[in-house]
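Letters A, B, ... mirror the listed sequences (proteins, then strands); counts begin at 1. For the numbers below, each heavy atom of this structure counts, side chains included, while hydrogens, waters and symmetry mates do not. Predicted model, so just to flag it, every value in this text is computed and none were measured.
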2 protein chains.
Amino acid sequence: MKKLLISPLLSPVSTEVFFGRGLLSLDLFPKNAVIIADEKAAEMYGKNLASRLNVPLLNIASQKSKENCEKIYAFLAQVNADRHTHLIALGGGSVCDLAAFAASTFMRGIPLILVPTTLLAMVDAAIGGKTAIDTPWGKNLIGSIYFPKAIIVDLDTLTTLPEKEWLNGRAEILKMGLVFDPSLWNQCLDDDLILKAMQAKISVIERDPFEFGLRRILNFGHTIGHGLEHLSKNEMPHGMAVALGSLAEAHLSMQVGMLSQKEFDQIKIPYQQFPLALPCGYTRKDLIESMKHDKKKRGDELRFVMIEEIGKASSFKGLYCRYILPNELNATLDWMEVFYTEDTSRIGF
Amino acid sequence: MKKLLISPLLSPVSTEVFFGRGLLSLDLFPKNAVIIADEKAAEMYGKNLASRLNVPLLNIASQKSKENCEKIYAFLAQVNADRHTHLIALGGGSVCDLAAFAASTFMRGIPLILVPTTLLAMVDAAIGGKTAIDTPWGKNLIGSIYFPKAIIVDLDTLTTLPEKEWLNGRAEILKMGLVFDPSLWNQCLDDDLILKAMQAKISVIERDPFEFGLRRILNFGHTIGHGLEHLSKNEMPHGMAVALGSLAEAHLSMQVGMLSQKEFDQIKIPYQQFPLALPCGYTRKDLIESMKHDKKKRGDELRFVMIEEIGKASSFKGLYCRYILPNELNATLDWMEVFYTEDTSRIGF
């Protein structure tokens, strides 16, 4: 087992990260706790863990809705949770985001332990303190920045991960390779790569936990990606949306003259393993409308993270994002609409 | 005009505090903003301010309910707010707490400006970064710690404050005198006292913004106070509840041998101006049940802040609260049930 420490600037809480195999059976969990798990994780690990620790378990659908958030509040009140009760969130990225939001707001914050059981949640959702609820007006529109006390990454939970879920996680690792750490780019996926991807994200968010600048690079691929995800009524898996968005935003970086054609051609290669398909009923107008929910926007103007080469996002004097002219965006969408098929059967949703 | 700066430990945001008269007409407000005001403040100041700044105004009932919070989210989405839009909360403590919670969670936090228009909100709710929503399971059960960018205290807004509201604010100033600053105790209420009460709270919350210890002293009077408020179905004004709670918890401090009878007799004097009446249908059993919603509890055990003399809360090795034995609490409730009448007509609700 490896142990890391996340100490974000200006955060009252530091996070201990436990990484290895067989961790769910170890004595790493507090007894004064409740477990919130998505349906799959509850079945596979939650019931056992709850019975071993003798703590209450809430099994919840993996939608980050306000209704599910209220179910968590009601559950915490019902089991008489207090400010010292640990909320253990167990499952994929959605339950991690949702339960972390509930933990951050119940009694103004109770201790949180994240136990991600998907690759995407391990390398992305569980790291960085972002919590979220989706709303009719935008994905992750409600949320907070709240650091967990511990993150327990048990690689054994990945043994039953479906193929689609591996691709989801891979999309975020590729993105991290594009914007920050070229040694993550297009590597063979093993335990070591997972650890390195986590460390890369930790190193970004420790320096800028509240997203005043550098942290924005993690949004690369997410402006177009979230737009597509929203268009699909959240049926497109997040990782797929990020893959589609990353490649398109790499194209946009080339379009505005930041990235070379040669580098872009390199970037395309690993994305061939993804089903590059637009959501059913896609129109450009709807996509642009959807993208207006992006949290980087200023007024009605969209801002994008840009890359200069594999492993390097553009700083733009510390802002790490810039406006894009409509004709630049349109040129990329022209390309995307040809390059990505509309055969949604390929994308598995 | 006086200007103070609040710099809480480990907070990414510092707060500028503007204090004086005529401030609502000054150029202290950003133009990229929305105003959320309670009904009275909207009528008296909000409409003028919104029209002068040419920004949208949402007029909201002064209940800290989740429904009102959702109205604020919907309004922010509808007026196309982004992460740079300032939320100006204008009114009493409830709208300050509620709108601040919405600001702290919309897009994971947008800049917040508090403009308290009641004495209670000036000396208490607006200072310290606590945001809150009431739930069926407890008052302020959902919330966050989120510091505003600015607090604008215009004393001119107090000119139309009803008598009951003055008493509400006075209860929090007296509490601050009991636990921290004896020079606030039982003084004539003027501009200078308001400023000193704000400064006392600032000095506590700067040292312990996340309530790991010292900040707990501000909860003096609130364990019994919130219990009574909850019993009254939130019809008892917060300040009245704090007055009733403070005097009862001073009695409890005497009961456990921390405070002398002589000091307690002194403490009783200013509380004679308050209508010391229990909520309609009060029973001890219900009060004890209500108090279990208190956020200082551990499991089912209630913890109380205690005072040793006027101006000094007990440290209890830095915990600033302690368990109370049932017989100690019962002795104080015996006294309270005799000393406080049940004539609710006196209390004005």
Side-chain angles (χ1 to χ4, degrees), chain A residues 8-13 32 66 69-70 72-85 97 101-102 104-110 128-133 135-146 208-212 216 292-303, chain B residues 8-13 32 66 69-70 72-85 97 101-102 104-110 128-133 135-146 208-212 216 292-303:
Chain A
L9 264 181
L10 288 175
S11 162
V13 175
N32 180 11
K66 72 173 165 50
C69 181
E70 276 161 29
I72 299 176
Y73 291 148
F75 179 73
L76 290 169
Q78 180 200 324
V79 301
N80 201 18
D82 62 38
R83 276 191 177 156
H84 308 273
T85 305
D97 282 2
F101 180 76
S104 77
T105 50
F106 188 78
M107 293 192 172
R108 300 198 184 95
I110 59 175
K130 282 194 178 176
T131 81
I133 302 271
T135 72
W137 320 287
K139 197 175 148 58
N140 299 341
L141 199 82
I142 305 303
S144 56
I145 306 272
Y146 188 73
D208 179 25
F210 299 100
E211 202 164 305
F212 295 139
R216 291 202 181 112
K292 288 193 179 147
H293 297 297
D294 187 70
K295 290 187 289 297
K296 287 183 302 304
K297 73 173 181 172
R298 268 196 102 131
D300 267 338
E301 285 187 302
L302 287 170
R303 302 195 297 176
Chain B
L9 263 181
L10 288 175
S11 162
V13 175
N32 180 12
K66 74 174 166 49
C69 181
E70 276 161 28
I72 299 176
Y73 290 149
F75 179 73
L76 290 168
Q78 180 201 325
V79 301
N80 202 18
D82 63 37
R83 276 191 177 153
H84 307 273
T85 305
D97 282 1
F101 180 77
S104 77
T105 51
F106 188 77
M107 294 191 171
R108 300 199 184 94
I110 60 175
K130 282 195 178 177
T131 80
I133 302 271
T135 72
W137 319 287
K139 197 174 149 59
N140 299 340
L141 200 81
I142 305 303
S144 56
I145 306 273
Y146 188 74
D208 178 24
F210 299 100
E211 202 165 306
F212 296 138
R216 292 204 181 109
K292 288 195 179 146
H293 298 299
D294 187 69
K295 292 190 286 301
K296 287 183 300 307
K297 72 172 181 172
R298 268 197 103 132
D300 267 338
E301 285 188 301
L302 287 169
R303 301 194 299 175

* Asked: Checking B/F210 against chain A: side chain, backbone, both or neither under 4.5 Å from a heavy atom?
  -> side chain
* Asked: Does any heavy atom of chain A fall under 4.5 Å from the side chain of B/S11, the backbone, both, or neither of them?
  -> backbone
* Asked: Using a cut-off of under 4.5 Å for heavy-atom pairs, which of A/T105, A/L9, A/N32 has the most such pairs with chain B?
  -> A/T105
* Greatest number of heavy atom pairs closer than 4.5 Å to chain A - which of B/G299, B/P136, B/A132 -> B/G299
* Asked: Out of curiosity, A/H293 NE2 to B/D82 CG, how far, rounded to the nearest 0.5 Å?
  -> 14.0 Å
* To do: Run through B/I142, B/I145, B/L141 and flag the one making a side chain to side chain contact (heavy atoms under 4.5 Å, CB included) with A/R108.
  => B/I145
* Asked: Where does B/A81 contact chain A at under 4.5 Å (heavy atoms): side chain, backbone, both or neither?
  -> backbone
* To do: Could you have a look at B/F106, B/Y73, B/F101 and say which one has the most heavy-atom pairs with chain A under 4.5 angstrom?
  => B/Y73
* Which bit of B/T131 comes within less than 4.5 Å of chain A, counting heavy atoms only: side chain, backbone, both or neither? -> backbone
* Return the minimal non-hydrogen interatomic distance between B/H84 and A/K297, and the atom names on each side. => CD2-O, 4.2 Å
* Structure fact -> The interface call for B/Y146 against chain A, heavy-atom contacts under 4.5 Å, is neither
* **B/E211/A/R83 salt bridge by N-O under 4.0 Å criterion** => yes
* Asked: Can you say whether B/K130 sits under 4.5 Å from chain A via the side chain, the backbone, both, or neither, judging by heavy atoms?
  -> both
